[in-house]
Amino acid sequence: MLRFLSLLLLLIAIAGCGPTLTSEQQALRNQMRQALEAHSYEDAAGMGQQIVAFLPKENDAWDDLMQAQLGLKDTAAASQTLQQWKRAITEETPRRLELAGDLALAEQDSARALESWNKSLAAKPTRLRVLRKIAQLHHDAKQWAEEDEILSRLIEVDDRASARVQRALARRRLHRWPDAVEDIRRAQELQPAAAKTREAADLFERIDKFLPAIQDLSGRLAITPADDQLLTDRALLFLRSGDPEMALVDSEAAYKLATWAVRPRLFAGLALVQLDRKEEARALGVNPQIKLDGLTPEFLETISRLDAEMSLERTNAELFVTRAWQLNDIGQPALALQDAENAVRFDVDSAGAHAEMAYALAKLDRNDEAFAQIQRATEIDANFSTAWHYRGELEMSRGNLENAIESLSRALAINQTPAALQKREECYVKLGQLDKAKADRAALEALRSAGTTQ
């Protein structure tokens with residue numbers, strides 16, 4: 001009986017050892033592993049084809065070959081290898097399911113990738129690499145609740161600073177601030193010197209002083225989630241706290257609700273600039289030179305009021321003219337032009353609309369169109385001093401100094417301003433009419449002196 005048992009154990013051991021490799025085959029396998037580690041995928045793929053030929057019943061051989069093909073981004077070859085692997089070895093394994101998910105993701109089929117990875121986890125729930133892949137998939141799809149759930153499973157198995165930081169950022173997206181802060185504290189305990197830990201900690205520290213106001217707005221939004229003004233107010237708080245990602249989320253949501261409003265577009269533009277996505281800001285009509293600290297409290301209050309009034313009066317030309325002036329004043333001519341064009345659409349005889357359109361067009365280097373618009377403004381309202389002044393400046397830029405003097409004189413006859421006097425003086429100097437230039441200089445000094453005295 002003892003001899004029989006010994007023989008049986010020997011047979012089992014021999015069966016489990018698999019085929020014996022020659023020294024050349026073993027050397028080839030070692031070389032392939034080294035090529036994979038060095039990311040020399042082309043070399044590894046070539047050697048892998050040879051290895052599966054003499055080890056067709058070994059999962060690791062197929063695994064290595066498929067890794068190399070995925071590294072080459074050769075999805076067609078990897079797909080063929082997966083099918084051959086399944087024919088050679090019918091029993092499914094967690095690792096093969098994982099690689100099937102990797103292939104699906106490479107083929108941009110995220111649903112199939114998630115299905116394969118979940119099957120891999122069902123077979124072996126503690127596969128950390130698969131948990132990380134699923135978490136990243138949810139992150140890329142902006143599925144924050146799902147990402148939070150998977151990261152929680154990951155942290156239960158392997159509590160690391162990187163996972164804590166990632167979950168904190170996901171919970172911030174969900175506005176779960178106390179939980180997010182707790183994750184950051186734990187990450188600092190685990191790995192305080194890590195770059196991602198420091199970066200996330202700095203972000204939450206900046207947000208902290210704005211957090212009471214953010215949470216207050218969040219509470220109000222829970223009651224009225226479609227309130228574009230509240231969303232825009234919260235976007236501004238995120239911009240001030242140095243969190244452009246969250247500001248962009250709220251700004252885009254607000255703009256979808258209120259396409260007539262300009263505040264959400266300005267704040268979205270600011271966020272995109274801070275995220276180094278300047279071309280996307282331009283696509284919104286926002287000049288990438290915009291700076292948050294360049295928007296005064298008075299401007300922000302005025303533009304908020306105008307947006308609110310426009311929500312009730314969508315065809316009020318004067319509101320569009322006023323907002324166009326505000327936008328021109330802060331150096332946003334593309335947005336100002338849109339408002340001025342809308343104003344003209346609602347009131348073709350609005351001199352202010354044509355004047356603002358002219359100013360915006362000039363800033364966009366569309367000078368001939370700008371001059372046509374300012375001419376129209378002065379034709380509509382001959383007593384519009386600002387329009388005459390700006391017409392004079394455009395005529396100066398076109399080299400028509402006599403016409404510029406006439407326009408500036410019309411402006412000064414209606415309303416004497418230092419800017420108009422200074423421009424007319426420049427014209428007189430260029431024409432050599434120094435006595436007239438001297439008179440304008442004296443009038444300018446007297447006007448400034450009177451303003452100082454007052």
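In this chain, residues are counted from 1 in sequence order. What you see is a predicted model, and the numbers here were worked out from it, not measured in a lab.
Counting heavy atoms from C-beta on, the side chains of Thr302 and Arg305 come closer than 4.5 Å. Put simply, the side chain of Phe267 reaches to within 4.5 Å of the side chain of Leu236, judged on heavy atoms. Counting heavy atoms from C-beta outward, Leu121 and Arg153 have side chains that approach closer than 4.5 Å. For the pair Leu248/Arg277, a side-chain contact is recorded, criterion being any heavy-atom separation below 4.5 Å from C-beta on. Here the side chains of Ile290 and Asn287 are not in contact, with every heavy-atom distance at 4.5 Å or above. Between Phe238 and Val249 there is no side-chain heavy-atom pair separated by less than 4.5 Å. Using a 4.5 Å heavy-atom cutoff, the side chains of Met246 and Ile214 are not in contact. Within the 4.5 Å cutoff, the side chain of Arg366 has heavy atoms near those of the Leu337 side chain.
In this structure, Ser311 contributes its side chain and Ala308 its backbone to a donor-acceptor pair below 3.5 Å. Under the 3.5 Å distance criterion, the side-chain polar atoms of Lys57 are left unmatched by any main-chain donor or acceptor of Ile89. Formation of a donor-acceptor pair under 3.5 Å by the His354 side chain with backbone atoms of Val348 is found in this model. Without hydrogens or angle criteria, Gln25 side chain to Ile51 main chain gives no donor-acceptor distance under 3.5 Å. Side-chain N or O atoms of Thr224 include one that pairs as donor or acceptor with a backbone N or O of Arg220 at under 3.5 Å. Formation of a donor-acceptor pair under 3.5 Å by the Asp208 side chain with backbone atoms of Phe204 is not found in this model. Checking side-chain atoms of Arg323 against main-chain N and O of Ile303 turns up no donor-acceptor pair under 3.5 Å. The backbone N or O of Gln191 sits less than 3.5 Å from a side-chain atom of Thr197, completing a donor-acceptor pair.
Using modelled atom types, one finds a donor on one side chain and an acceptor on the other under 3.5 Å when comparing Arg263 with Gln229. Looking at Gln143 and His138, their side chains do bring a donor and an acceptor atom within 3.5 Å of each other. Judged by distance alone, the side chains of Asp307 and Trp260 never bring a donor and an acceptor atom under 3.5 Å apart. One side chain, Arg265 or Gln338, offers a donor N or O that lies under 3.5 Å from an acceptor on the other. Side chain to side chain, Gln136 and Asp140 meet the donor-acceptor criterion of an N or O pair below 3.5 Å.
A parallel orientation is assigned to the rings of His39 and Tyr41, their planes being inclined by less than 30° (bins at 30° and 60°). Between Tyr359 and Tyr390, the angle of the ring planes lies from 30° to 60°, which puts this pair in the tilted group.
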side-chain contact (heavy atoms from CB on, under 4.5 Å) between Arg96 and Leu82, intermediate numbers included: CA-CA 8 Å; Arg96 190 163 75 188; Leu82 181 60; 3.8 Å; yes
Test side-chain contact (heavy atoms from CB on, under 4.5 Å) applied to Asn367 and Ser397, step by step: CA-CA 9 Å; Asn367 294 315; Ser397 68; 5.7 Å; no
Working for side-chain contact (heavy atoms from CB on, under 4.5 Å), residues Trp62 and Leu99: CA-CA 10 Å; Trp62 293 102; Leu99 287 172; over 6 Å; no
Criterion side-chain contact (heavy atoms from CB on, under 4.5 Å) on Val273 and Leu270, from CA distance to verdict: CA-CA 5 Å; Val273 169; Leu270 276 162; 5.8 Å; no
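The pair Asp349-Arg376 meets the salt-bridge criterion, with a side-chain N (NZ, NE, NH1 or NH2) lying under 4.0 Å from an Asp/Glu carboxylate O. A salt bridge links Arg95 with Glu98: the closest approach of a Lys/Arg side-chain nitrogen to an acidic carboxylate oxygen falls below 4.0 angstrom. A salt bridge does not link Glu182 with Arg186: none of the charged nitrogens is closer than 4.0 Å to a carboxylate oxygen. Salt bridge Glu395/Arg391: present, at least one basic N to carboxylate O contact under 4.0 Å. A salt bridge is defined here as a Lys NZ or Arg NE, NH1 or NH2 lying under 4.0 Å from an Asp or Glu carboxylate O, and Asp293 with Lys291 fails to meet this definition. Between Asp158 and Arg132 a salt bridge is recorded (basic side-chain N to carboxylate O distance below 4.0 Å).
For the atom pair NZ (Lys86) and CD (Glu92), the distance works out to 6.0 Å, reported to the nearest 0.5 Å. In this structure, Asp183 CG and Arg167 CZ are separated by 4.0 Å, a value rounded to the nearest 0.5 Å. Atoms CG and CG, from Asp228 and Asp250 in turn, are 11.5 Å apart once rounded to the nearest 0.5 Å. Expressed to the nearest 0.5 Å, how far CG of Leu327 lies from CZ of Phe320 amounts to 11.0 Å. With values rounded to the nearest 0.5 angstrom, Lys124 atom NZ is found 10.5 Å from Thr93 atom OG1. Residue Arg234 holds its CZ atom at 4.0 Å from OG of Ser218, rounded to the nearest 0.5 Å.
Closest heavy-atom contact between Met32 and Met47: CA-CE, 3.7 Å. Nearest approach of Glu107 to Ser79, heavy atoms of both residues: OE2-CB, 4.3 Å. The two atoms that bring Gly269 and Leu284 nearest to each other are N-CD1, 4.1 Å, heavy atoms only. In this structure, Asp159 and Arg164 approach most closely via the heavy-atom pair OD1-NE, 2.9 Å. Of all heavy-atom pairs between Pro264 and Thr232, the closest is CG-OG1, 3.6 Å. Pairing each heavy atom of Ala161 with each of Leu190, the nearest pair is N-CD1, 3.7 Å.
Cation-pi geometry between Arg398 and Phe371 is satisfied (NZ or CZ under 6.0 Å from the ring centre, within 45° of the ring normal).
Every residue two or more places apart in sequence or in another chain that forms a ring pair (Phe, Tyr, Trp, His ring centres under 6.0 Å) with His139 is listed here: Trp144. With sequence neighbours left out, Phe384 forms a ring pair (Phe, Tyr, Trp, His ring centres under 6.0 Å) with no residue at all.
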Donor-acceptor contacts, no H, no angles, side chain residues 64-73, under 3.5 Å, sequence neighbours left out:
residue, atom, partner, partner atom, Å
Asp64, OD2, Arg33, NE, 2.6
Asp64, OD2, Arg33, NH2, 3.0
Gln67, NE2, Asp63, OD1, 2.9
Gln69, OE1, Thr81, OG1, 2.7
Gln69, NE2, Thr81, OG1, 3.1

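In the displayed structure, Gln83 atom CD is contacted under 6.0 Å by more than 12 heavy atoms of other residues, nucleotides or ligands. In the displayed structure, Arg173 atom CZ is contacted under 6.0 Å by more than 12 heavy atoms of other residues, nucleotides or ligands. Residue Glu189 places its CD atom among more than 12 non-hydrogen atoms of other residues, nucleotides or ligands, all under 6.0 Å distant. Heavy-atom neighbours of Arg112 CZ from other residues, nucleotides or ligands within 6.0 Å: above the threshold of 12.
Residue Trp117 forms a side-chain contact (heavy atoms from CB on, under 4.5 Å) with just one option from Val130, Leu97, Leu131, and that option is Val130. Of the candidates Arg171, Lys142, Gln166, Gln166 is the only one forming a side chain to side chain donor-acceptor pair (under 3.5 Å) with Glu147.
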